[in-house]
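Here is the structure we will look at, set down as structure tokens.
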Amino acid sequence: MLQKEFAENNISIGRDRFFEILKQANLLVERKPCRARTTDSRHCLPVFHNLFSGKSWSGPNQAWVSDLTYIRTEHDFLYTALITDAYSRKIVGYHIGDSLEAQGCIGALEMALKGLPAGQRPIHHSDRGIQYCCHAYVDILLSRQFTISMTEILHCYENSMAERVNGTLKDEYEMNRTFRTKEQAKAALDQAVMQYNHRRPHLSLKYRCPADVHAQVA
């Protein structure tokens, strides 16, 4: 993103030196440890095998990855459900709310489904949290003839793409801060998702932005 400005000002600098300068100027965002548990896989609901691992994708809407994370406020936690396209890295659905119940994940799924072209049925991949295994959520996927995939053993590693998106929103777009109010947190999430989709270049996308890749390829 800065290469053009560097060239115009005859600046030549490598990545490591660039980050060293940012660190000296206190411009790097420090990671904060996770303290809230959002995944409860200890239940008796049906689960599904991991059909996502080892696959490669050639276009959008072939596979979606899903995850649930928390956002702090001064009074309580809010919980954010995200659905990301595995090829374009675009966040295609999200929802923020007060509860860990499945309704938040369903809200993110409903948003993603609104933007899904007719006839396309992505593999839906998630961890084995009760929100993704509950009948209300699974029934929506089955009614749309989706293939369901879930982590089996190393849950964080088997859902690493979705975990990285959560980490990016928190580490790069300040969603790891403690917000004063719920309204402030919700507005910040809307802005973070917009910036991530439309302004953040990805190395895996040859430094293009997720929304551009998603639209162009689709």
Item to check | Steps toward side-chain contact (heavy atoms from CB on, under 4.5 Å) verdict (Tyr94, Asp190) | outcome: CA-CA 9 Å; Tyr94 67 100; Asp190 289 338; 2.8 Å; yes
Item to check | Candidate pair Val213 and Arg89, rule side-chain contact (heavy atoms from CB on, under 4.5 Å), full reasoning | outcome: CA-CA 9 Å; Val213 171; Arg89 305 299 200 272; over 6 Å; no
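Taking CG of Leu51 as the start and OG1 of Thr147 as the end, the distance is 7.0 Å to the nearest 0.5 Å. Note that OG1 of Thr73 is 10.0 Å distant from CD of Glu183, once rounded to the nearest 0.5 Å. Between Ile91 atom CD1 and Met111 atom CE the span is 10.5 Å, to the nearest 0.5 Å. Here the SG atom belonging to Cys105 is positioned 11.0 Å from the CD1 atom belonging to Ile130, to the nearest 0.5 angstrom. Here Leu109 contributes atom CG and His95 contributes atom NE2; the two are 12.0 Å apart, rounded to the nearest 0.5 Å.
A salt bridge links Glu20 with Arg17: the distance from a Lys NZ or Arg NE/NH1/NH2 to an Asp or Glu carboxylate oxygen falls below 4.0 Å.
None of Glu158, Glu152, Lys55 except one satisfies the side-chain hydrogen bond (donor to acceptor under 3.5 Å, both in side chains) rule with Asn50; the exception is Glu158. Just one residue in the list Phe48, Tyr132, Phe146 forms a ring-ring contact (aromatic ring centres under 6.0 Å, His included) with Tyr137, and that residue is Tyr132.
Atom CG of Leu2 has more than 12 heavy atoms from other residues, nucleotides or ligands within 6.0 Å. At most 12 non-hydrogen atoms from other residues, nucleotides or ligands lie less than 6.0 angstrom from NE2 of His135. Counting heavy-atom neighbours within 6.0 Å of Glu5 CD, excluding the residue itself, gives a total above 12.
Minimum interatomic distance between Arg72 and Asn176 (heavy atoms only, all atoms of both residues): NH1-O, 3.3 Å. Pairing each heavy atom of Ala162 with each of Asp67, the nearest pair is CB-CB, 3.7 Å.
You'll find the side chain of Arg200 reaches within 4.5 Å of the side chain of Thr168, heavy atoms only. Within the 4.5 Å cutoff, the side chain of Val138 has no heavy atoms near those of the Pro46 side chain. Side-chain contact between Ile83 and Val65 is absent, with no heavy atoms from C-beta onward closer than 4.5 Å. Residues Glu74 and Thr181 have side chains not in contact (no heavy-atom distance under 4.5 Å, counting atoms from C-beta outward).
Neither side chain, Ser99 nor Gln103, offers a donor N or O lying under 3.5 Å from an acceptor on the other.
Relative to the six-membered ring of Tyr70, Lys170 meets both conditions, a distance below 6.0 Å and an angle of at most 45° to the axis.
Trp64 and Ile140 fall within the same hydrophobic cluster, defined by Ile, Leu, Val, Met, Phe, Trp and Tyr side-chain heavy atoms under 4.5 Å apart, directly or through other members.
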